[in-house]
There are 2 protein chains.
Amino acid sequence: MPRVGRKEQILEKASGLFSRKGYHATTIRDISEASGILSGSLYAHIQSKEDLLFEITDRGAEHFLQSVRPIVEGEGDVVTKLRKAMIAHVRVIADHLEAATVFFHEWRSLTNERSACIQRKRDKYEGLWSQLLEEGMREGSFRSLDEKFTRLLILSAMNGLYQWYQPAGELTPEEVAERFATILLTGLDYREEVAGREHSG
Amino acid sequence: MPRVGRKEQILEKASGLFSRKGYHATTIRDISEASGILSGSLYAHIQSKEDLLFEITDRGAEHFLQSVRPIVEGEGDVVTKLRKAMIAHVRVIADHLEAATVFFHEWRSLTNERSACIQRKRDKYEGLWSQLLEEGMREGSFRSLDEKFTRLLILSAMNGLYQWYQPAGELTPEEVAERFATILLTGLDYREEVAGREHSG
DNA sequence: CCTACCGATCGGTAGG
DNA sequence: CCTACCGATCGGTAGG
């Protein structure tokens, strides 16, 4: 009889293993052992190994979408929205570090419809950032740059976080996002204070 | 009798397969089939599957080191050196896209001494960028920011390239690096022309 | 959730 | 570089 919460526990263990060893290097026996059951018993809870990967990846995609969409589609000046979106993005990574690692590193191992589903959500998510950047460039708050290029640079810079962020370290997600914003926005932001920005050196 | 250049061909094929499918999802039979020989015959050329991964990864590390080191340790003003280093880094990725993908995505699958060897070279490479950034911050050419944070942001932003760069596309490595520099340096560079930088919008 | 198991495939080897 | 093969392990299943 499946224990209540067992599925969540299995997903937790699988996230940890997939993030550390990679999806293909992790065996069903690794996951079942970490979950305290035998490998055959795992299939009382899941349908396949790829199901686990999909569920972890899909939750990651949903986290990003649901955190950033309300900010992009909400009211407020575009610079503040960009800062908030960056904080939200960094927070998703920092708060779900293992799942984020799997999301960024292992989603290519998904096949067929599952792969396509995640790809659609990734495209949707990138679209939110496009919208934000285009809005800012159109109204003159951001310098007019290649939107696609700028978006890829920002997302790449933030996504790198999963490779070095240490939750036990001294920086909170907000502090990390603030530093990102300081470096990146000062390059983006072309409003009046640019000429007079502080020099801390 | 091993054919001349066969080893290089095998490395080429393995790079392509590892970059598309991942190291663990690629089988010895995949590689041998792509190389036009049978799986047993592969071992006339290599000692193990992991040897292939190591050789691809190690060459990648050497490419980065040998391209960027002379720039960092050479003469010239630090802003120009940063631009040159960025161009060199982007060029390594763009010119060896499959190997770069393996280098960034699969090096964690290496074990023991091989893993440690690559880790040392990665540390050495990061050290070059630290040196460059610290030099620029010390002499006042760059804004005084958290060096480690700035370095990780820059490298993450550039390394994201392997996920979206299309050699058949319209941008040359130099153009890509220039755009990176435009966005990132304007955030870093705090010299006189900052206040009067051009606005292309 | 366990016992017992399966067909397939894996990386790699011996001998030529 | 091929033929023929091996022990180990893989994801997954049947029956309880």
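All chains are named by letter (A, B, ...) in the order of the sequence lines, taking the proteins before the strands, and each is independently numbered beginning at 1. Given the structure is predicted, the values throughout are model-derived calculations rather than measurements.
In the set dC1(C), dG12(C), dG12(D), the nucleotide with an atom closest to the side chain of Arg29(A) is dG12(D). Nearest to the side-chain atoms of Ile28(A) among the listed nucleotides dC2(D), dG12(D), dC1(C) stands dG12(D).
The aromatic rings of Trp129(B) and His89(B) stand perpendicular to each other, their planes meeting at an angle above 60°, with 30° marking the opposite boundary. Ring orientation note: the planes of Phe104(B) and Phe64(B) are tilted relative to one another, at an angle of 30° to 60°.
Taking the ring centroids of Phe103(A) and Tyr162(A), they lie at or beyond the 6.0 Å cut-off.
Checking Gly40(A) against Thr27(A), the closest nucleotide of DNA chain D that is more toward the 5' end is the one next to Thr27(A). In this structure, Glu50(B) and Ser39(A) both approach DNA chain C, and ranking their closest nucleotides by distance from the 5' end singles out Ser39(A).
Between Arg179(A) and Glu175(A) there is no salt bridge, since no side-chain N of the basic residue sits under 4.0 Å from a carboxylate O of the acidic one.
Distance CG (Leu38(B)) to C1' (dA14(C)): 16 Å, rounded to an integer number of Å. The separation between Leu42(B) atom CG and dC1(D) atom P is 10 Å, rounded to whole Å. If you measure from atom OH of Tyr23(A) to atom P of dC10(D), you get 14 Å, rounded to the nearest angstrom. Distance, Ile37(B) CD1 to dT3(D) P: 13 Å, rounded to whole Å. For Asp30(A) and dA8(D), the CG to C1' distance is 15 Å, given to the nearest whole Å. Residue Ile46(A) contributes atom CD1, which lies 10 Å from atom C1' of dG12(D) at whole-angstrom precision. Rounded to whole angstrom, the span from the NZ atom of Lys49(A) across to the P atom of dT13(D) amounts to 14 Å. Following rounding to the nearest Å, His24(B) (NE2) and dT9(C) (C1') show an atom-to-atom distance of 15 Å.
Using a 4.0 Å heavy-atom criterion, one finds that Thr26(B) contacts the sugar-phosphate atoms exclusively.
Across all strands shown, dA4(D) forms a Watson-Crick or G-U wobble pair with dT13(C), both key distances being under 3.5 Å.
Paired with Asp58(A) under the rule salt bridge (Lys or Arg N to Asp or Glu O under 4.0 Å), one option of Arg120(A), Arg114(A), Lys121(A), Arg122(A) passes, and it is Lys121(A).
Within the 4.0 Å cut-off from OP1 or OP2 of dG12(D), at least one side-chain nitrogen or oxygen of Tyr43(A) is found. Taking side-chain N and O atoms only, Arg6(B) has a distance below 4.0 Å to OP1 or OP2 of dC1(D).
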